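Quick notes on the structure that follows.
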Amino acid sequence: MQGDYASVTMVMSSLERFPGTAWPPTLDEAGQARALEALEAGGILLFPDLRFAIEPSEGRFFVEGWSAAAKNISYEAARRSLGGTKAEGEDATGLTRLMARYAEASRRLVEAAIPLYRGRIETARTSFRPVEIAGRSSSPRQDDTRLHVDAFPSRPTAGRRILRVFSNVNPAGQARRWRIGGPFASTAPQFYPRLPKPRPGSALLHAWLGLTKGRRRDYDHYMLQLHDAMKRDDGYQREGVIEEIDFPAGATWIVFTDQRPHAALAGRYALEQTFHLDVEQMKHPERSPLRVLESLAGRRLT
Ligand code: SIN
Ligand code: FE
């Protein structure tokens, strides 16, 4: 068993590493091509030495007590609104500045690594994740220590991709530990036959009741069902892991989290930026979860 996993890990590592300490790093043409291919195949682009700089005055945010939610402090760049925190006044302004700077830095990083996405990615939510993951309590559905692909009940994407940039900004040098599952294209077919079919009318009802921001498409339905089915499946949780990764403090990584099954096991103090991307704007739209699920369903899902 151990041996099997070791060989699988060597052949199928989901990590693609890039040097660089200056933000944004410079990738030559070959590096950019390698980044695009790896990312759209569900790989994780790892910049182990690309540290997101925290300013001395921001050190005050790296202690207990700022978070008002169980998990994250969030920031919406489009509305310049901050949520999930007890910070007020000067402190709220300081946190807003930190997160707005991360949103901007993340966009510059993605555009430097993948010039094809320049002007195509839409900036969504930013999060600051100060809470230790290990031992954090959550409902099974919200338990991100179990392998899953990302899909959010209240925020349907209508088929658009979820691209995320993470930075481990832990001031004490603690790594952020993830587990990684196998590729979407081989995992989705295992789960698809047992996913409940969408019920006619339920998407409109959700939108009408204000439970979703916009109408849930059949694609969103299947992604949510897949997210839940993965987290519920103890066998998959045991056997679906192909790799365990410690992202060191000072590292930054980019991944399509709607595509690559992942679980976060331990760590605290990370920044994360979400972008959306239309499937048609990818180099390989056929690798997207939308197209993979559509080929399983035998019909369009948006
Ligand atoms: C997740 O997306 O499941 C959590 C990732 C993290 O916070 O490291
Ligand atoms: Fe996730």
Side-chain angles (χ1 to χ4, degrees), residues 14-15 39 42-48 50 52 62 66-67 69-75 84 99 102-103 106 124-157 160-170 173-184 187-188 191 220 222-233 236-237 240-276 289:
S14 57
L15 286 182
L39 188 69
I44 299 174
L45 311 186
L46 173 61
F47 299 80
L50 190 62
F52 179 74
F62 292 76
W66 293 106
S67 180
K71 281 190 191 173
N72 306 336
I73 297 173
S74 65
Y75 172 68
M99 293 172 76
Y102 188 69
S106 297
R125 202 175 272 208
T126 314
S127 65
F128 177 45
R129 307 181 169 210
V131 183
E132 172 58 52
I133 297 165
R136 186 174 69 183
S137 71
S138 57
S139 68
R141 205 184 188 196
Q142 290 186 339
D143 185 357
D144 289 339
T145 68
R146 296 176 73 82
L147 279 180
H148 64 282
V149 286
D150 281 350
F152 308 109
S154 60
R155 282 172 285 152
T157 76
R160 288 178 310 155
R161 307 301 315 272
I162 299 174
L163 178 65
R164 290 186 143 176
V165 178
F166 292 88
S167 287
N168 181 350
V169 288
N170 187 288
Q174 184 190 351
R176 197 167 189 86
R177 171 163 291 189
W178 277 25
R179 272 187 190 143
I180 298 297
F184 191 90
T187 309
F191 283 92
D220 299 298
Y222 279 115
M223 287 298 285
L224 282 170
Q225 292 295 336
L226 180 59
H227 165 276
D228 292 0
M230 285 176 156
K231 281 189 176 173
R232 265 198 311 265
D233 187 331
Y236 176 62
Q237 295 299 324
V241 180
I242 63 161
E243 216 175 347
E244 202 157 288
I245 303 171
D246 276 333
F247 295 104
T252 294
W253 59 105
I254 309 176
V255 56
F256 279 116
T257 53
D258 54 0
Q259 178 173 3
R260 173 57 67 171
H262 59 282
L265 301 190
R268 64 185 307 184
Y269 298 121
L271 284 157
E272 171 273 331
Q273 176 62 46
T274 301
F275 298 98
H276 293 305

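These numbers were taken from a predicted model, which means no experiment stands behind them. Just follow the structure's listing: the first ligand is 1, and inside any ligand the first atom is 1.
Listed by chain and residue number, the protein contacts of ligand 1 are Arg129, Asp144, His148, Asp150, Arg164, Phe166, Arg176, Trp178, His262, Ala264 (heavy atom within 4.0 angstrom).
Around the Fe ion (ligand 2), protein N, O or S atoms at less than 2.8 Å comprise His148 NE2, Asp150 OD1, His262 NE2.
One finds the OG atom of Ser14 at 4.0 Å from the CD1 atom of Ile44 (value rounded to the nearest 0.5 Å). Atom-to-atom distance recorded for Glu272:CD and Arg129:CZ is 4.5 Å, nearest 0.5 angstrom.
Using bins of under 30°, 30° to 60° and over 60° for the plane-to-plane angle, the ring pair Trp253/Phe247 lands in the parallel bin.
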Self-check item: Evaluation steps, side-chain contact (heavy atoms from CB on, under 4.5 Å), between Met99 and Ile73
Solution: CA-CA 10 Å; Met99 293 172 76; Ile73 297 173; 4.1 Å; yes

Self-check item: Verdict with supporting geometry, Phe166 and Thr257, side-chain contact (heavy atoms from CB on, under 4.5 Å)
Solution: CA-CA 11 Å; Phe166 292 88; Thr257 53; 4.1 Å; yes

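Proximity of the aromatic rings of Phe128 and Phe62 is defined here by a centroid distance below 6.0 angstrom, and this criterion is met. Within the 6.0 Å centre-distance limit, the rings of Tyr236 and Phe191 are counted as a close aromatic pair.
In this view, Asp220 satisfies the salt bridge (charged side-chain N to carboxylate O under 4.0 Å, His left out) rule with no residue, not counting sequence neighbours.
For residues 143-157, every residue pair satisfying the salt bridge (charged side-chain N to carboxylate O under 4.0 Å, His left out) rule, not counting sequence neighbours, is listed here: Lys71-Asp144, Asp144-Lys231, Arg146-Asp234, Asp150-Arg164.
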